[in-house]
Amino acid sequence: MTNLNQPRLQPLSTEPTDIVGKYAFDGDLLSRKYLAGQLTDYLDRLRAGAVLAIDAEWGEGKTWFGRNWEKQLQDNEHKTVFIDAFEQDYIEDPFLLIASEIAEALADDKDNTRLFREKAAGVLKAILPVGTKALINIAGKLALGSIDASDEIEKAVEAANGSTADAASKWIEKKIQNHALEKASLQHFKSALKDLASKQGKPIVVFIDELDRCRPVFAVQMIERIKHFFDVPNVVFVLLMNRAQLENAIKGVYGAETNAAAYLGKFINFFFNLPKQDDLNNYTRTHGLYVNAILSRYDFDLTWSVHDEFRNCFIILSNQLKLSLRDIERS
């Protein structure tokens, strides 16, 4: 028999909420819509292209801010791309990921997009590792039914067991011969991207999220590919990242003695910090609203004094413990 006097227990989990609502910055409890508006005004002046970085610690709402800012830009007729780098860091080369997403976002311009894809294929052929190219060639022939898989793989194994020095020498010789062609491929690709972007009334904005969570090699390759291949007018990249973690990734690739901050500065034009309220008064006002929203999702009745006292204590403790927004939600 149910005891009617027994207090009702709050749920331990709830359904995840949508990151983006019907309108950009719906449920904006931390007043970040204003920051997005400022950045948009800034972005529209970057006709020459640029790379911006939005820096914040893990769990401070970078993805929420980026997704809602993207929605706001789309509502204002910007073409945008949003890439979750961590979700796709299994891809062989970040160039393929970025080029594919841009082509998809601008697919309505069929002729120029087709040319862009063709030039991107030329660049990819030049930059992929030799072993990957061989596998692609084999896969292509298999798809066309022109070879027997076992025979082709056997030949590849035999070739690998041959003279390594001789194979390396021939590869270097071929690379020298093809250098001019590969250089031309890059120039043709950037020209195609420039033409495609120039037809947009406003800068194309490419968001890249979770870069600091990727494999270090992939993360570093990503920022290098952006600079070397996609640095053209009317294309702006926005990196949503934890700068300290990305600097650690750079040191992991190039060595602990690397000046990671200086290295990163070569690839990113402007850094912005996602605001975080540290003093108690501001924290109570802004994060208090966030705590209210979280508690209401867990069926807390804030008109009840016990729940209200818990809320006030939780806000103070979360400030003292420097909890991130994600920590607050999971606590």
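The chain is numbered in sequence order, starting from 1.
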Chemist: As an exercise, state the distance from CD of Gln88 to CD of Glu210, rounded to the nearest 0.5 Å.
Modeler: 12.0 Å
Chemist: Side chains of Val51 and Lys227, heavy atoms from C-beta outward: is any pair under 4.5 Å?
Modeler: no
Chemist: Return yes when atom NZ of Lys190 has more than 12 non-hydrogen atoms of other residues, nucleotides or ligands closer than 6.0 Å, and no otherwise.
Modeler: yes
Chemist: Is the shortest distance from a Lys or Arg side-chain nitrogen in Glu70 or Arg67 to a carboxylate oxygen in the other one below 4.0 Å?
Modeler: yes
Chemist: Would you check if Leu239 and Phe267 make a side-chain contact, meaning some heavy-atom pair closer than 4.5 Å?
Modeler: no
Chemist: I would like to know whether Tyr263 and Val253 meet side chain to side chain contact (heavy atoms under 4.5 Å, CB included); could you show each step before the answer?
Modeler: CA-CA 12 Å; Tyr263 183 84; Val253 173; over 6 Å; no
Chemist: From Glu118 CD over to His188 NE2, what is the distance, rounded to the nearest 0.5 angstrom?
Modeler: 12.5 Å
Chemist: From Asn242 CG over to Arg213 CZ, what is the distance, rounded to the nearest 0.5 angstrom?
Modeler: 9.0 Å
Chemist: Determine, step by step, whether Phe230 and Phe95 satisfy the ring pair (Phe, Tyr, Trp, His ring centres under 6.0 Å) criterion, reporting the C-alpha distance in whole Å, the side-chain angles of both residues, the deciding distance to 0.1 Å, and the verdict.
Modeler: CA-CA 9 Å; Phe230 297 92; Phe95 173 86; 5.4 Å; yes
Chemist: How long is the span from the CZ atom in Phe65 to the CG atom in Leu240, to the nearest 0.5 Å?
Modeler: 8.0 Å
Chemist: How far does CE of Met222 sit from CZ of Arg215, to the nearest 0.5 angstrom?
Modeler: 10.5 Å
Chemist: Enter the distance from Glu101:CD to Ile208:CD1 here, rounded to the nearest 0.5 Å.
Modeler: 10.0 Å
Chemist: Would you please test Lys22 and Asp26 for side chain to side chain contact (heavy atoms under 4.5 Å, CB included) and show each step?
Modeler: CA-CA 7 Å; Lys22 182 177 180 180; Asp26 272 355; 4.1 Å; yes
Chemist: If the threshold is 4.0 Å, N to carboxylate O, is there a salt bridge linking Asp212 and Lys62?
Modeler: no
Chemist: Between the main-chain N or O of Lys110 and the side-chain N or O of Thr113, is there a donor-acceptor pair closer than 3.5 Å?
Modeler: no
Chemist: According to salt bridge (charged side-chain N to carboxylate O under 4.0 Å, His left out), who are the partners of Asp111, at least two apart in sequence or on a separate chain?
Modeler: Arg114
Chemist: Hey, quick one: are Phe189 and Leu115 part of the same hydrophobic cluster, counting side-chain heavy atoms closer than 4.5 Å, chains of contacts allowed?
Modeler: no
Chemist: So, for Leu186 and His228, which heavy atoms are closest and what is the spacing to 0.1 Å?
Modeler: CD1-O, 4.0 Å
Chemist: Is there a side-chain contact between Leu52 and Leu46 (heavy atoms, below 4.5 Å)?
Modeler: yes
Chemist: Check Lys251 with Glu247, please: is the shortest side-chain N to carboxylate O separation under 4.0 Å?
Modeler: no
Chemist: Give the intermediate values and the outcome of side chain to side chain contact (heavy atoms under 4.5 Å, CB included) for residues Asp109 and Phe116.
Modeler: CA-CA 10 Å; Asp109 187 349; Phe116 172 74; over 6 Å; no
Chemist: Less than 3.5 Å apart, any donor N or O on the side chain of Tyr34 or Gln38 sitting next to an acceptor on the other?
Modeler: yes
Chemist: Using only atom types and a distance under 3.5 Å, with no angle test, would you say the side chain of Asp209 pairs donor to acceptor with the backbone of Gly66?
Modeler: no
Chemist: Are Arg225 and Leu97 close enough that some pair of their side-chain heavy atoms sits under 4.5 Å apart?
Modeler: no
Chemist: According to the interplanar angle, ranging from 0 to 90°, do the rings of Tyr42 and Phe272 count as parallel (below 30°), tilted (30 to 60°) or perpendicular (above 60°)?
Modeler: perpendicular
Chemist: Any heavy-atom pair between the side chains of Tyr23 and Asp28 that's under 4.5 Å?
Modeler: no
Chemist: Got Ile204 and Leu196 here, is their nearest side-chain heavy-atom distance under 4.5 Å?
Modeler: no
Chemist: Tell me if the CZ atom of Phe86 is crowded by more than 12 foreign heavy atoms within 6.0 Å.
Modeler: no
Chemist: The criterion is salt bridge (charged side-chain N to carboxylate O under 4.0 Å, His left out); which residues satisfy it with Lys71, sequence neighbours excluded?
Modeler: Asp75
